[in-house]
Enquirer: 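First, the structure itself, so that you have it in front of you.
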Amino acid sequence: MIANDYSRYDLGLVPWLAIVAIIGGYIGTTLSQRLSSKMLAILYNVFMIMLAVLTLVSVGRHM
């Protein structure tokens with residue numbers, strides 16, 4: 001870390017990413033305690049499908 005020059009990277013988003021990660025961890029813990037494992041698996045699959053669709057749409061726009 002000392003030898004590399006990190007001044008060329010925009011680190012302005014790091015605090016926001018940390019906050020969002022903490023909130024996501026809290027929500028994930030709460031959901032895992034309240035939902036059954038089957039429902040969590042369904043929810044996970046739905047999010048993965050949505051992410052795949054968003055990725056394909058993004059790639060399609062830039063072609």
Side-chain angles (χ1 to χ4, degrees):
M1 286 180 58
I2 295 171
N4 289 333
D5 180 24
Y6 290 104
S7 63
R8 61 184 169 185
Y9 298 108
D10 180 18
L11 301 178
L13 288 178
V14 171
W16 294 109
L17 291 173
I19 292 169
V20 170
I22 292 169
I23 293 170
Y26 177 76
I27 291 171
T29 301
T30 303
L31 286 176
S32 70
Q33 292 173 349
R34 294 186 181 186
L35 298 176
S36 68
S37 60
K38 183 177 180 179
M39 183 57 87
L40 285 173
I42 291 170
L43 190 61
Y44 175 79
N45 288 328
V46 167
F47 279 120
M48 289 298 108
I49 291 169
M50 288 172 36
L51 182 60
V53 168
L54 285 172
T55 301
L56 289 173
V57 168
S58 179
V59 168
R61 285 184 184 172
H62 296 293
M63 291 186 88

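Index from 1, following the sequence.
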Enquirer: Say you draw a straight line from CD1 of Ile19 to CG of Leu13; how long is it, rounded to the nearest 0.5 Å?
Expert: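 That separation rounds to 11.5 Å.
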Enquirer: Would you say the side-chain atoms of Thr55 pair up with the backbone N or O of Leu51, donor to acceptor, closer than 3.5 Å?
Expert: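 Indeed, once roles are kept as given, a pair shorter than 3.5 Å links the two residues.
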Enquirer: When you group the ILVMFWY residues by side-chain heavy-atom contacts below 4.5 Å and let the links chain together, are Val20 and Met50 in the same group?
Expert: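 Unlinked, Met50 and Val20 end up in two clusters.
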Enquirer: With a 4.5 Å cut-off on side-chain heavy-atom distances among I, L, V, M, F, W and Y, is there a chain of contacts connecting Ile27 to Tyr44?
Expert: no
Enquirer: How close do Met63 and Val59 get, counting heavy atoms only, and between which atoms?
Expert: CG-O, 3.1 Å
Enquirer: Could you grab the distance from atom CD1 of Ile22 to atom CG of Leu17, nearest 0.5 Å is fine?
Expert: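 Answer rounded to 0.5 Å: 11.0 Å.
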Enquirer: As an exercise, state the distance from CG of Leu43 to OG of Ser32, rounded to the nearest 0.5 Å.
Expert: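 One gets 11.5 Å once the value is rounded to the nearest 0.5 Å.
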Enquirer: If I compare all heavy atoms of Leu40 with all of Leu31, which pair ends up nearest, and what's the gap?
Expert: CD2-O, 4.0 Å
